[in-house]
Amino acid sequence: MDTSLILQNVLTPPVLFFFLGTISVFLKSDLEIPAPLPKLFSLYLLLAIGFKGGLELQKSGMGGPVLPTVCASILMSLLIPLICFVVLRLKLNVFNSAAIAAAYGSISAVTFITAESFLESQSIPFDGFMVAALAIMESPAIIVGLLLVKLGAPKERPIERKMRWKEILHESMLNGSVYLLLGSLLIGLLTGAFNPSGVAKMQPFTGKIFYGVECFFLLDMGIVAAQRLPSLKKAGSFLIGFAVLMPIFNALIGVFVARALGLQPGNALLFTVLCASASYLAVPTAMRMTVPEAKSSYYISTTLGVTFPFNVVVGIPVYMGLVNNLIPTPG
Amino acid sequence: MDTSLILQNVLTPPVLFFFLGTISVFLKSDLEIPAPLPKLFSLYLLLAIGFKGGLELQKSGMGGPVLPTVCASILMSLLIPLICFVVLRLKLNVFNSAAIAAAYGSISAVTFITAESFLESQSIPFDGFMVAALAIMESPAIIVGLLLVKLGAPKERPIERKMRWKEILHESMLNGSVYLLLGSLLIGLLTGAFNPSGVAKMQPFTGKIFYGVECFFLLDMGIVAAQRLPSLKKAGSFLIGFAVLMPIFNALIGVFVARALGLQPGNALLFTVLCASASYLAVPTAMRMTVPEAKSSYYISTTLGVTFPFNVVVGIPVYMGLVNNLIPTPG
Amino acid sequence: MDTSLILQNVLTPPVLFFFLGTISVFLKSDLEIPAPLPKLFSLYLLLAIGFKGGLELQKSGMGGPVLPTVCASILMSLLIPLICFVVLRLKLNVFNSAAIAAAYGSISAVTFITAESFLESQSIPFDGFMVAALAIMESPAIIVGLLLVKLGAPKERPIERKMRWKEILHESMLNGSVYLLLGSLLIGLLTGAFNPSGVAKMQPFTGKIFYGVECFFLLDMGIVAAQRLPSLKKAGSFLIGFAVLMPIFNALIGVFVARALGLQPGNALLFTVLCASASYLAVPTAMRMTVPEAKSSYYISTTLGVTFPFNVVVGIPVYMGLVNNLIPTPG
Amino acid sequence: MKRLDLIFSERELDQMLKSLEKAKVPGYTVTKHVTGRGPERVVSEDMEFTGLGANAHVIVFCDQALLEQIKIYIQPLLNYYGGVAYVSDAEQL
Amino acid sequence: MKRLDLIFSERELDQMLKSLEKAKVPGYTVTKHVTGRGPERVVSEDMEFTGLGANAHVIVFCDQALLEQIKIYIQPLLNYYGGVAYVSDAEQL
Amino acid sequence: MKRLDLIFSERELDQMLKSLEKAKVPGYTVTKHVTGRGPERVVSEDMEFTGLGANAHVIVFCDQALLEQIKIYIQPLLNYYGGVAYVSDAEQL
Ligand SMILES: Nc1ncnc2c1ncn2[C@@H]1O[C@H](COP(=O)(O)O)[C@@H](O)[C@H]1O
Ligand SMILES: Nc1ncnc2c1ncn2[C@@H]1O[C@H](COP(=O)(O)O)[C@@H](O)[C@H]1O
Ligand SMILES: Nc1ncnc2c1ncn2[C@@H]1O[C@H](COP(=O)(O)O)[C@@H](O)[C@H]1O
Ligand code: NA
Ligand code: NA
Ligand code: NA
């Protein structure tokens, strides 16, 4: 493991602000970013990465590695929850297992952004089309999760709780954050194609101040993540272990798939991070609606309280090390 | 009608984000921009257009077309509510007619901004002093509306509801959004005159990120406008028709006045848009205080649910077509 | 007194927006910046000045005037509350006197920022390390204030209200705004040292849009300050006089200390402003927790309702005049 | 003792509080940004957007005797602008 | 008259209001962003962050007779998703 | 059953909730950002600005028997920092 990479990652403003947030909770400072300010930041970040991704996608087109990568992304977001489910069933009931599995099959946009910032600070190039993979990986895992409930616990549910497919598709595809990301992607695409002057005028907002807002948001993420720790203790050591080891395992699969796809190192890292990250925005809302039997504290504490901090601080540089070691650099 | 202009308008980021918001409501996505974030955007936009308008006004001075345009603006904001009132009285009582008439006599700052963005994307020049017309057209219609109530329904009101003139002037001139716009205009003027270094330092905030915030706000406007539709159905087809045809009629008057004033095409469009747009910020608050008999769902649904979307999507390019056809280009 | 300096100060955007806010209250406009938007601005400003200060500190190092200035700052924040306490005891009880004294010993970050903007508009250079003095002066006065209560009213407090030192240190050092400022300072230092590319990427957020956000925030400060006036009347003329004269007196001490330290005019002004300003963010929260006997309306109305406006509008240019007259310019 | 619950548009909050002060209430508690539906009006969150404001919910704990007094002061406001007022029993803990 | 206090997750607010409308309540008042703890769940402010939303507190003033009707419509929702419902006496001012 | 309404400064919310937990309440509901006036203090929205925070309104539905217990735990807090506590009747729907 490349400890110098970890150190370099830790010394970037986003990660430092994340620590600042975490430490404030441990020291019982009353630093607080009151609602709905975190929502402002997360809406902004989704809008901005979507828009920028759309622009890049418009530039790059759908040729080259784009289509294979997107297909592989979908496959991964179907496969990972199945693996997670099998592991989780060792200790948890069907409902909790399915909900957590869905969260790990889906992705975390903020982890993705932090990985992009890491790549930039390392001057490693990456492609904008990876945002399409990000957008496309949000939903499928939700459907897998619900299928798992349907198949795994057919008798335990009273009749009125029968799945309504329309509702499920709705929750998975039209969740606010999925919708905003996809919509902004599309707008970016259209603007790039038809309104170049609009692109330049958006740039100060979606481009220039992005990094600062990211830092501000990570400050809040640090606070929120640290606040989840008490309910983690209740969840027990099995889940804590799961929340650290599963991302590493998923990342490993991710690296090999990235290698098979022939992705450049930067894109390979982003793909790996998508596999390793877990959703705490889109999935919890979908699960609350469709699997209310699952304990929300389980899937929120693992994803937000353990996996997110782990990925942002240690995971990203470690995965970079994996990419560097396992993928032969071209030329 | 120039459909290519409409298409070009539709493919700009502000209008695309507006659609994104509207569609989210139709698809029942749970995308939401929670209060008070929309307030943040609207305060920002008012502050920024005021400040920039003040700077421009300071540069241009009060000579040339400035004074005649401002005078014509005041006249229009007195005339339009009278015409609207006559039309509305065909179906509605005095209170509702007066309140809606006041809204259509006043203006919508966001429609104005979108028109400016449209002009910029078409590379058509326009002058900053039009912001003065914007600011000055907010209030007079409110007073006309209240006069109409006073004259039209003298006996229907119990004694304690008698108009207090002080209150009315207060509501019309010191409404938060009117006040902020006028105040920022004045600050822009003073800064431009006495503190040039302050101008440069404000520019990244009031200038650079403006377009992005506008898009963000239009996303919310799309949501809010679409949410008004159910209460529109209750309002009935007369009001829906009014909310589409009246702006066109007002725009027509506006174009001819602009022609008489000898305005350049860009300024002519902005003037026309001011005539065609209707207020959903300043006027509703004033009407709620002074004409509580009027149904707020009427004047909010028509202005916000129909006229605003119509103007932003179809109206602006159509009015541009009118300007191009009806005003002979100089030279 | 240099009235032209006062005029130049008054005609900068931050001060003009402050006036706009104040006047809106007097005219009873319903302009409102709803919670938690002011919190957003204040968090942003603290984060940004901390980060920028850290960068500058990293560049300048701890040599030259840095260490003496920091030491003098600590001394001033211990000395000033003692003087204030003696004056306040003439009319007020121990609890109120101690709480107000603590507020005047501590500092106001927004006053500091406004002074920086004033210096920039006058093209007078100043050093980033002064932010370290700002950060370091927030807390000591809180401890002095609590000591004064402990010593001054040992018998008036029931046993259960005995001071818990841990709690006091906690309140003084880990107050949200103190923590954010210090933390951002540290992050700025680390980023400057280890991640130069991060510095450039933060710049649009922490640097470029700063001035505009400052103006927006001062608009709100104007509203809040003016709203405090009614409760000021209850506080009486002694406190109003104190809130104007004490800052001037503290500024005078400050100028002489700055002269003794051999500070350049810009830094001298900032040091003086730190001495003259009073805290309305960190201190009130600490006092509410530890001296609930003190009337919060006293220490909020004086600092926010009188001293802050006085410093921002009149104080800063007057102190600049003092600096110019009392400190011999080098060379 | 009694508990009085008042719900009405935020835009009249200042006037209502002034009336309560005139009636010499011992105290009150205000929750803003409250939405709802009455017999005539729907107050939704986008009202805040247009500046109309949502509803305010005011609670007053006071003696039975004061209720009559309060009623005199606030009834005209409720009649003119709309809003509801309900009373329940309460006692200090 | 009666006062009904309903507290449940914001995510079910729309469904709950629809049920109340079906029961023909004369009106209701909604406070959002409310947090709390029940026998099983803690609803904290960071729930809003994840999009789950906090709790909503709905108050309905209505006649005793309507309560049975309301109960029929909302009990399934409370059972499925959780939440509490309490009734007290109230009278119009 | 009983309904307990507690209103006090947000800054003591954590302490208050801990005390309620010690008294083993079955649940509670919290509304923050509430303003008001008591016999001594006015709590306005600009309090939030200075970081003091506004008031919190805590509702507890519980059995009569628990009230004595709750009182023991929270009375010292109310005495030291201020705040009010009122009890009314309530029954489950
Ligand atoms: N029966 C009711 N129960 C609860 N809240 C009500 C009721 N009727 C009216 N309200 C509230 O009072 C506000 C104003 O009522 P109104 O002026 O009658 O529309 C409504 O927006 C509701 O928030
Ligand atoms: N005994 C109680 N007193 C006050 N509020 C309660 C009580 N029990 C539950 N609640 C509220 O109802 C919400 C949902 O309850 P539950 O579904 O049982 O977790 C909780 O988050 C609390 O806000
Ligand atoms: N009589 C009352 N009715 C309603 N709320 C009250 C009453 N008295 C006090 N309060 C609330 O309790 C808070 C704290 O009260 P106090 O500590 O007495 O100032 C006040 O800010 C009000 O929100
Ligand atoms: Na994943
Ligand atoms: Na108009
Ligand atoms: Na000071």
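Side chains are part of it too, since the values below use all heavy atoms of this structure and drop only hydrogens, waters and symmetry mates.
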Subject >> Residue D:L78 versus chain E: region with a heavy atom under 4.5 Å >> reply: neither
Subject >> Proximity breakdown for E:V58 and chain D, heavy-atom pairs closer than 4.5 Å >> reply: neither
**OP:** Identify which part of D:L67 has an atom lying under 4.5 Å from any heavy atom of chain E, answering side chain, backbone, both or neither.
**Re:** both
Any idea which donor-acceptor pairs are under 3.5 Å between chain E and chain D?
from: E:R3; atom 1: NH1; to: D:D5; atom 2: OD2; distance (Å): 2.8
from: E:E21; atom 1: OE1; to: D:R37; atom 2: NE; distance (Å): 3.4
from: E:E21; atom 1: OE1; to: D:R37; atom 2: NH2; distance (Å): 3.1
from: E:E21; atom 1: OE2; to: D:R37; atom 2: NE; distance (Å): 2.7
from: E:V25; atom 1: O; to: D:R37; atom 2: NH2; distance (Å): 2.8
from: E:Y28; atom 1: N; to: D:R37; atom 2: O; distance (Å): 2.9
from: E:Y28; atom 1: O; to: D:R37; atom 2: N; distance (Å): 2.9
from: E:V30; atom 1: N; to: D:T35; atom 2: O; distance (Å): 2.8
from: E:V30; atom 1: O; to: D:T35; atom 2: N; distance (Å): 3.0
from: E:K32; atom 1: NZ; to: D:E45; atom 2: OE1; distance (Å): 3.1
from: E:E91; atom 1: N; to: D:V87; atom 2: O; distance (Å): 2.8
from: E:E91; atom 1: O; to: D:V87; atom 2: N; distance (Å): 2.7
from: E:L93; atom 1: N; to: D:A85; atom 2: O; distance (Å): 3.0
from: E:L93; atom 1: O; to: D:K71; atom 2: NZ; distance (Å): 3.4

Subject >> Contact class of D:I74 relative to chain E, heavy atoms under 4.5 angstrom >> reply: side chain
Subject >> Of all pairs that satisfy salt bridge (charged side-chain N to carboxylate O under 4.0 Å, His left out), the ones with a partner from residues 49-60 of chain D, not counting sequence neighbours >> reply: none
Original post:
Checking E:I59 against chain D: side chain, backbone, both or neither under 4.5 Å from a heavy atom?
Top reply: side chain
